[in-house]
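First up is the structure itself, then whatever we jot down about it.
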Amino acid sequence: MLIGVLALQGAFIEHEKAFRSLGVGTIQVRLPGQLDKLDGLVIPGGESTTMGKLMNEFGLFEPIREKVLSGMPVFGTCAGMIMMAKDIAGSSQPRLGLMDISVERNASGRQVDSFEADIDIPAVGSQPFRAVFIRAPYIIDVGSGVDVLAKFGEKIVFARQGRFLAAAFHPELTDDLRVHRYFLEKCM
Amino acid sequence: MAEKGTWTVKKGLAEMLKGGVIMDVTTPEQAKIAEEAGACAVMALERVPADIRAAGGVARMADPTIIKKIMDAVTIPVMAKVRIGHFVEAQILEHLGVDYIDESEVLTPVDEQHHIDKYAFKVPFVCGARNLGEALRRIGEGAAMIRTKGEPGTGNVVEAVRHMRKVMGEIRRIANMPREELMAAAKDMGAPYELVLQVAELGRLPVVNFAAGGIATPADAALMMQLGCDGIFVGSGIFKSTNPAARAKAVVAATTHYNDPKILAEVSGDLGEAMPGLEIASIQPEQRMQDRGW
């Protein structure tokens with residue numbers, strides 16, 4: 001099995017480390033040709049505007065959508081979650097738009113409001129998950145086919161729609177591999 | 001319970017900036033050009049380093065009004081600079097809500113012995129370093145991100161190369177030392193022992209390490225990335241060139257595709273004139289910004 005991590009900008013190395021700890025091979029994806037052999041794709045945290053511009057410039061949107069049509073699972077964290085959303089509040093920035101979710105960018109505020117907290121994710125086990133939120137987006141609405149997997153307070157922070165998974169927090173910044181394992185087990 | 005300002009959260013934002021370009025801007029219009037070009041963050045300043053160098057005199061934190069206008073103009077993170085040791089300027093920037101503070105040698109230091117206690121703040125700090133000892137002293141004070149100093153405002157990347165090679169070389173040396181030699185190495189570098197142990201174990205700095213100081217072209221950015229840095233600061237190099245929007249976009253592409261000479265060749269063309277460069281030897285010793293900081 002081979003997981004590609006979009007490596008245009010952001011914390012892609014941390015995702016590679018997480019999947020390798022689970023015994024799965026990874027490659028960094030910067031150009032369309034690197035998508036060919038992938039069994040799954042991760043869109044990491046970083047700046048969604050930067051990623052969107054580089055995806056446009058280097059022609060990644062259509063090849064990724066084609067792979068998705070032929071069944072490729074995709075997991076987006078933070079900026080990656082924004083790329084997964086069909087609707088981004090108040091923004092027309094480029095996106096993959098794979099999931100029926102509405103998201104709000106920087107919804108938790110600026111960096112001084114970034115935080116970590118224990119959240120409950122029943123789908124990955126009964127132990128709380130230490131979630132790191134960095135200038136984090138939230139999911140403000142979901143369509144009927146979307147499963148809400150975790151909330152922080154009233155805010156939706158983790159959701160799945162079939163082969164697609166989106167997290168507002170950064171499972172790649174902690175040593176807890178349960179979210180990455182969930183993607184491999186449930187979305188692949 | 002939500003915990004703010006933790007080490008993970010401070011270091012985490014720097015992790016999200018990796019592989020990206022942070023650009024100096026002095027107006028909301030420049031900030032928008034930077035964001036449109038794909039900058040992953042901007043540094044809000046009153047003057048870029050080349051103009052600070054030309055103006056001489058005392059350089060201070062930017063006017064909060066300018067910083068707030070820049071914060072309102074873009075959705076990407078906004079950083080701002082304080083003078084070395086000026087913890088009250090840092091308190092002001094934290095109150096404004098800037099996303100990162102650069103305790104920077106580009107401004108005139110106010111304390112010739114002590115840097116800011118960066119653990120006293122929720123907002124994270126980035127600091128400059130010329131060598132591993134300096135980097136680890138800054139991390140010991142609470143810096144969650146390190147950058148090379150280079151020689152700011154020169155458009156000459158030679159000093160950034162020197163500092164990056166020095167830091168990476170010292171890391172390689174530490175990583176190969178038997179444990180009993182690490183205490184003497186810590187003593188020689190003037191670095192906290194616990195952090196030297198971490199470097200030995202990780203084989204890299206325990207925080208994100210960017211390049212800064214003199215980067216003026218896409219090739220400069222790719223060179224620094226190939227030397228092992230995590231991302232790029234461009235100070236005067238964008239808005240002192242003849243076509244800032246095109247150059248900014250090219251530097252962003254070069255930072256992502258730093259290992260791909262075909263793409264580097266494509267993005268390096270038709271950018272107009274780069275900023276005028278300065279020979280380091282032509283700078284009087286007391287004008288060298290990199291010697292500020294202790």
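Every chain is numbered from 1 and lettered A, B, ... according to where its sequence line falls, protein lines coming before strand lines. Keep in mind that what you see is a predicted model, and the values were worked out from it rather than measured.
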Are A:Leu60 and A:Met51 close enough that some pair of their side-chain heavy atoms sits under 4.5 Å apart? no

Between A:Phe152 and A:Phe115, does the ring centre distance come in under 6.0 Å? yes

Which atoms of B:Asp260 come close to chain A, meaning under 4.5 Å heavy atom to heavy atom: side chain ones, backbone ones, both, or neither? side chain

Below 4.5 Å, heavy-atom pairs only: which of A:Ile13, A:Val132, A:Ile119, A:Ile134 has the largest tally toward chain B? A:Ile134

Check whether B:Ala37 gets within reach of chain A through its side chain, its backbone, both or neither, counting any heavy atom under 4.5 Å. backbone

Can a side-chain donor-acceptor contact be found between B:Glu35 and A:Thr49 if the only test is distance below 3.5 angstrom? no

Distance col, row A:Cys78:SG vs A:Glu47:CD, nearest 0.5 angstrom, shows 8.0 Å

Greatest number of heavy atom pairs closer than 4.5 Å to chain A - which of B:Glu15, B:Met1, B:His257: B:His257

Between the side chains of A:Glu57 and A:Lys53, is the shortest nitrogen-to-carboxylate-oxygen separation below 4.0 Å, so that they form an ion pair? no

B:Asp270 atom CG, neighbour heavy-atom count above 12 within 6.0 Å: no

Is it the backbone or the side chain of A:Val112 that comes under 4.5 Å from a heavy atom of chain B, or both, or neither? both

Does any backbone or side-chain atom of A:Ala7 lie under 4.5 Å from a heavy atom of chain B? Answer side chain, backbone, both or neither. backbone

Is it the side chain or the backbone of B:Ala39 that comes within 4.5 Å of chain A heavy atoms, both, or neither? backbone

Which of B:Thr6, B:Val78, B:Val123 touches chain A most, by non-hydrogen pairs under 4.5 Å: B:Thr6

Checking B:Ser268 side chain against B:Ala265 main chain: does a donor-acceptor pair fall under 3.5 Å? no

Ignoring hydrogens and angles, tell me if any N or O in the side chain of A:Arg105 forms a donor-acceptor pair with the backbone of A:Ala107 under 3.5 Å. no

Note: A:Asp100-A:Lys86 ion pair, threshold 4.0 Å (strictly below): yes

Which of the residues A:Asn106, A:Asp113, A:Asp118 is involved in the greatest number of heavy-atom pairs with chain B at under 4.5 angstrom? A:Asp113

At a heavy-atom separation under 4.5 Å, does A:Leu54 approach chain B through its side chain, its backbone, both, or neither? side chain

Quick one: do the A:Gln9 and A:Thr50 side chains pair a donor with an acceptor below 3.5 Å? no

Where on A:Arg135 is there a heavy atom nearer than 4.5 Å to chain B: the side chain, the backbone, both, or neither? side chain

Comparing B:Lys249, B:Lys122, B:Glu3 against chain A, the one with the most heavy-atom pairs below 4.5 Å turns out to be B:Glu3

Using only non-hydrogen atoms and a strict under-4.5 angstrom cutoff, which residues of residues 163-188 of chain A touch chain B? A:His170, A:Glu172, A:Leu173

